[in-house]
Amino acid sequence: MQIAVFVSGRGSNLKTILEHEKLKDLIKVRLVCSDKPDCLAIKIAQEYKIDVRILPKCFDDKSIDELLNTLKEFDIELIVLAGFLKLIPYKLIENYKNKIINIHPALLPSFGGKGMFGMNVHKAVFEASVKVSGATVHFVNEEYDKGLIIAQRCVDISDSNSPEEIASKVLEIEHQLLPEVLLKFAENKIKIINGRVFIIK
Ligand code: GRF
């Protein structure tokens, strides 16, 4: 399966995908797209000699069509948002229906939505004195963090003393969950039945 990964930051999820032993034979990262030309994730993509496209600050019809053409040109079957901060334009969602997924560092539908990214999420989780957090992989629709949930994994944070400690526990979980979900996509084992997502064992 050929995928594109959209990134805006440090790229640890991208790196995990690229280095995952089981994924190597099944998934090819053909393209990395970013709205942040200087982010660490772009450097990782370059190290791995993956084609990179820098996206505009604001999408307009022309840039969306250009992106769609690029995705077609690279035969992209699945788009993975791994720390990508921009809202995905509707035209892209329409063209890649149920083929765009995102990883979120909390248990949705809590602690999601506009502005809920990076440490903002973990600070909110910490301030609410939440005992369990985790990671969610979900389909992307036109609203932030609102698409159907594909998979979730939780982690006990009852003893965590800071948002940073929560972030690091959650990141560890993300690095397990995202490759596992990608493996299931590659094996065509993710199905939507009656509006619910099922992962076939
Ligand atoms: C992750 O916590 C992911 O859940 C969120 O943004 C962060 C990206 O981290 N959407 P990285 O760039 O993959 O290290």
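Atoms within each ligand, like the ligands themselves, are counted from 1 in listed order. Only this structure's heavy atoms are used, side chains among them; waters, hydrogens and symmetry mates stay out.
For atom 11 (P) of ligand 1, the closest non-hydrogen atom of the protein is S12 N, 3.4 Å. Here the heavy atom of the protein found nearest to atom 6 (O) of ligand 1 is G83 CA, 3.3 Å. Scanning the protein for heavy atoms near atom 9 (O) of ligand 1, the closest one is R10 NH2, 3.2 Å.
Of the N or O atoms in N13, one or more lie within a sub-3.5 Å distance of an N or O in ligand 1. Below 3.5 Å of separation, one finds an N or O of G11 facing an N or O of ligand 1.
Remark: side-chain polar atoms of S160 are not paired, donor with acceptor, to backbone N or O of E165 under 3.5 angstrom. N120 places no side-chain N or O within donor-acceptor distance of the main-chain N or O of M116, the cut-off being under 3.5 Å. The closest donor-acceptor contact from the side chain of K86 to the backbone of K57 lies under 3.5 Å.
Within a 6.0 Å sphere centred on NZ of K22, other residues, nucleotides and ligands contribute 12 heavy atoms or fewer.
Comparing E174, M116, M119 against atom 1 (C) of ligand 1, the shortest heavy-atom distance belongs to E174. Between atom 10 (N) of ligand 1 and the options L171, V137, I173, I103, the minimum heavy-atom separation is to I103.
The backbone of H104, and not its side chain, has at least one atom closer than 4.0 Å to an atom of ligand 1 (non-hydrogen atoms only; backbone = N, CA, C, O).
The CD atom of E73 lies 11.5 Å from the CD atom of E66; values are rounded to the nearest 0.5 Å.
In this structure, the side chains of V52 and C33 stay at 4.5 Å or more apart for every pair of heavy atoms.
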